[in-house]
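Note that ligands are numbered from 1 as they come in the structure, with each ligand's atoms numbered from 1 the same way.
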Amino acid sequence: MFHPLRVSAIERITDDAVAVTFAVPAELRETFRHTPGQHLNVRYSVDGKEIRRSYSICAPAAEQPAAPVVRVGIRGVEGGAFSTYALKELSVGDQVEAMPPMGRFVLKPRPGLFAAVVGGSGITPVLSMAATLLAQEEKARFCLIRSDRTAASTMFLDEVADLKDRYPDRFQLITALSREEQSAGLPSGRLDTERLTSLLPAVLPVADVDGWFLCGPLGLVRGTESALRALGVDRTRVHQEIFHVDDGPSDVTVVKVAAPSDSTLTATLHGRSGSWPVKETESLLETVLRSRSDAPYACKGGVCGTCRAFLVSGEVRMERNFALEPEETDAGFVLACQSHPLTPEVELDFDR
Ligand code: FES
């Protein structure tokens with residue numbers, strides 16, 4: 001469900017990125033309280049066309065009873081309708097519609113050692129995680145390994161430097177720039193599997209890390225995953241969120257599957273059920289959207305996870321999946337925007 005929120009501040013944080021803060025009315029404070037790592041799905045109309053995007057919340061999570069701060073990072077994407085709009089035209093006082101914070105790429109404050117490997121705008125949710133963790137849990141430490149093109153393109157430079165100043169013993173920062181040499185830190189170049197496999201054990205006790213958080217372009221996340229696997233890290237300690245699929249290697253098989261000619265989808269959404277014929281080649285999300293405009297989605301590209309639904313019966317084939325963890329697909333969850341029926345009857349439950 002979408003709620004109207006007003007923009008209360010816009011700060012330019014690099015040449016091509018802004019941080020946008022939304023004012024949360026008193027009656028929506030609990031609704032917009034976030035867990036560090038979650039994102040906001042926004043809906044806006046540009047030139048009469050509805051656009052939806054998801055943006056991670058960079059602000060630390062507020063402890064009760066303080067009001068939540070809803071501040072997101074937005075980086076300009078070439079041809080990106082909302083990001084172009086946000087960078088050039090969005091003004092304080094404008095109204096957008098936003099769903100309550102969501103997402104399962106989260107870190108709730110607890111004692112332990114945590115590490116993140118992030119690239120580009122992948123810092124956004126991790127900034128919220130690190131800032132909240134260090135402020136709320138004295139027995140926690142955080143190691144941030146970040147990769148950016150140049151210092152000028154690095155988002156949230158000041159906020160990260162501030163963490164270093166405030167928590168010199170509990171926050172460790174390693175910076176890699178792919179296109180620029182720096183006076184301190186790592187030599188320039190991309191962080192690939194080989195480099196990470198030797199770098200990680202050199203900067204922190206890999207076996208003692210309680211949780212790994214990988215966020216950014218597909219190539220960096222997959223490369224870090226391989227390095228962690230090579231270093232013997234248990235898969236259950238690794239959490240990931242992919243931001244840019246186009247950037248990554250072509251290790252993704254996109255499977256186009258035509259629906260059996262007479263498939264029927266039954267779906268439960270917000271407590272109400274309906275059944276509809278599935279048109280050939282349309283995704284199950286598109287089938288639901290023809291009759292139910294309240295079906296949840298943002299990216300329609302298999303990346304954000306907003307359209308997650310439980311497959312109650314039947315079989316589906318997903319074209320691609322960058323959002324669900326193996327445990328979720330094993331438990332029966334699918335991405336409706338990527339699913340096509342393989343059986344004449346399919347039932348989805350969006351409420352689980
Ligand atoms: S809408 Fe983003 S994964 Fe389906």
Using a 4.0 Å cutoff against the non-hydrogen atoms of [X], which atoms of ligand 1 qualify?
X    : value
C307 : 1 (S), 3 (S), 4 (Fe)
G302 : 3 (S)
V303 : 3 (S)
C299 : 1 (S), 2 (Fe), 3 (S)
C337 : 1 (S), 3 (S), 4 (Fe)
K300 : 1 (S), 2 (Fe)
G305 : 2 (Fe), 3 (S)
A298 : 1 (S)

>> If we ignore hydrogens and angles and just use 3.5 Å, is the side chain of D148 paired with the main-chain N or O of T150 as donor and acceptor?
In response: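 No, because the side chain of D148 does not come within donor-acceptor range (under 3.5 Å) of the backbone of T150.
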> Can F333 and F310 be said to form a ring-ring contact (aromatic ring centres under 6.0 Å, His included), step by step?
Replying inline: CA-CA 4 Å; F333 288 97; F310 183 72; 5.4 Å; yes
> Aromatic rings H3 and F32: how do their planes relate, parallel, tilted or perpendicular, breaks at 30° and 60°?
Replying inline: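 Because their plane-to-plane angle is over 60°, the rings of H3 and F32 count as perpendicular.
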>> Would you call the rings of H239 and F213 parallel, tilted or perpendicular, taking 30° and 60° as the class edges?
In response: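 Plane angle under 30°, so parallel.
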Classify the contact between [X] and ligand 1 as side chain, backbone, both or neither, using a heavy-atom distance cut-off of under 4.0 Å.
X    : answer
L285 : neither
S54  : neither
C304 : both

> When you look at W276 and T287, which way does the side-chain hydrogen bond (donor to acceptor under 3.5 Å, both in side chains) test go after all the steps?
Replying inline: CA-CA 7 Å; W276 310 277; T287 306; over 6 Å; no
>> Could you check whether E286 pairs with K300 (Lys NZ or Arg NE/NH1/NH2 to Asp/Glu carboxylate O, under 4.0 Å)?
In response: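 K300 and E286: not salt-bridged.
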> Hey, are E328 and R308 close enough for a salt bridge, meaning a charged N less than 4.0 Å from a carboxylate O?
Replying inline: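 Salt bridge: yes.
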>> Is it the case that the side chains of S273 and T268 hold a donor-acceptor pair, with the cut-off being a distance below 3.5 Å and no angle test?
In response: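 Note: T268 and S273 side chains meet the donor-acceptor criterion.
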> Is it true that A323 lies under 4.0 Å from ligand 1, counting heavy atoms only?
Replying inline: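 It does not; every heavy atom stays at 4.0 Å or beyond.
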